[in-house]
There are 2 protein chains.
Amino acid sequence: MPKSQIDQIDRKILTRLQKDGRIANNDLAEAVGLSPSPCLRRVKALEESGLIRTYVALVDPAMVELPVNVFVSVTLEKQVEERLDSFEAAIRQRPEVLECYLMTGEADYLLRVVVPDLAAYEQFLKTHLTRIAGVASIKSSFALKQVRYETALPLHHLAV
Amino acid sequence: MPKSQIDQIDRKILTRLQKDGRIANNDLAEAVGLSPSPCLRRVKALEESGLIRTYVALVDPAMVELPVNVFVSVTLEKQVEERLDSFEAAIRQRPEVLECYLMTGEADYLLRVVVPDLAAYEQFLKTHLTRIAGVASIKSSFALKQVRYETALPLHHLAV
DNA sequence: GCCTTATTAGCATAATCTGCCAAAATCATA
DNA sequence: TATGATTTTGGCAGATTATGCTAATAAGGC
């Protein structure tokens, strides 16, 4: 891979698009100090390289009645590769699981689950999580408040 | 507030925009079964109500050299309101902290921190996290792999 | 210093957005 | 069930924005 060298202008573009994914190309161009044409070319290149994965709308969780964040530590019975894959496949089916990480240390997986209320979480546990083959133990931790939620990655370390 | 009643069409719009924030209004309108004009009107209303918070570009963490996810459990010395606020203010200053939750149970806060490598995480710990006033204990858990990362909230429960 | 290559600016065309008005649908009330 | 008021919709027109093309500029190698 030729690494395609992300320069300062690309970094500015990414930082801006991570904040406002719908900024008009003209405005983006002005913000990064280019004319619209080469600016658009760079954006397209970043999209095609896969560096920009996608554009999304972010919805306010409270306003769609999803105020409850639960972090779930899951341990599997045996760490067989096959089991990991089937667990991950099962997790990917559930839309309320917004994040899932394979972890070092005690637990095998850490999930972030979003639900309308505790009843819905209980439902999720009983109907789905405990029914996944190989799940040995589950520990739930509830968030009282979402203090911060960012999707923009910090790009300072790319400065050349 | 009259609650403005989210109907099935709004739900379709939100679901679509959560997947593709840059879809053309014409295409969105067709997808949800409206003509462009009322579709755009609904989108604007959703934006102005704050239900759609913003639009962002999602960047691939690996491609910008940010492969390391760390979950950090932080306990404060005393749970004084003032301390919580100052801790949260300090956390909001750090761009590598993408998520922060006030938790029930043992730890006070759970953070998700994204860094290029372990050295950068050590730097973050020593230079920033341990220097925040009131921090009593820190426990770091490293993710081996990001199995799933979604920004789209599940909206099935809004079905009327 | 010259030539090659890559990147840029500006313009013209095409696509898209968005406000306005009449028509259709919905709803409450009698 | 009929009626009228209110809300929502569809289609059109003007304005904005995106995007491909070409020439000019800048960067890099020899």
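Only this structure's heavy atoms are used, side chains among them; waters, hydrogens and symmetry mates stay out.
Rounded to a whole Å, the CZ atom of B:Arg22 is 14 Å from the P atom of C:dT16. Look at CD on B:Glu48: it is 12 Å from P on C:dT18, rounded to the nearest Å. Between the CG atom of B:Asp10 and the C1' atom of D:dT9 there is a distance of 14 Å, rounded to whole Å. Rounded to whole angstrom, the span from the CG atom of A:Leu17 across to the C1' atom of D:dA18 amounts to 15 Å. When the P atom of C:dA9 is taken as reference, atom CG of A:Leu28 falls 13 Å away, rounded to whole Å. We find that CG of B:Leu40 is positioned 15 Å from P of D:dT8, with the value rounded to whole Å. The interatomic distance linking A:Leu34 (CG) with C:dT8 (P) rounds to 6 Å, in whole Å. Nucleotide D:dT17 holds its P atom 12 Å from the CD atom of A:Glu30, rounded to whole Å.
The two atoms that bring A:His156 and B:Pro95 nearest to each other are NE2-CG, 3.8 Å, heavy atoms only. Of all heavy-atom pairs spanning A:Leu158 and B:Val64, the tightest one is CD2-O, 3.9 Å. The nearest pair of heavy atoms linking B:Arg131 to B:Thr127 is CD-O, 3.3 Å.
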Please lay out, stage by stage, how B:Val56 and B:Thr151 fare under the test side chain to side chain contact (heavy atoms under 4.5 Å, CB included). CA-CA 10 Å; B:Val56 299; B:Thr151 56; over 6 Å; no
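Annotation: side chain of B:Leu34 is in contact with side chain of B:Arg42 (closest heavy-atom distance under 4.5 Å).
Nearest to the side chain of B:Ser35, among D:dA18, D:dG10, C:dT8, sits D:dG10. For A:Ile9, whose side chain is taken as the heavy atoms from C-beta onward, the closest listed nucleotide among D:dG10, C:dT8, D:dT19 is C:dT8.
Nucleic acid contact class of B:Arg42 (heavy atoms, under 4.0 Å, all strands): sugar-phosphate only.
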Could you list all N or O pairs between the protein and nucleotides 20-28 of chain C that sit under 3.5 Å apart?
from: C:dC20; atom 1: N4; to: B:Ser37; atom 2: OG; distance (Å): 3.4

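Note on B:Glu48 versus B:Lys44: no salt bridge recorded, every NZ/NE/NH1/NH2 to OD/OE distance being 4.0 Å or above.
For the residue pair A:Tyr149 / B:Glu99, no side-chain donor-acceptor distance below 3.5 Å is found, with atom types taken as modelled.
Taking side-chain N and O atoms only, A:Lys44 has a distance below 4.0 Å to OP1 or OP2 of D:dT19.
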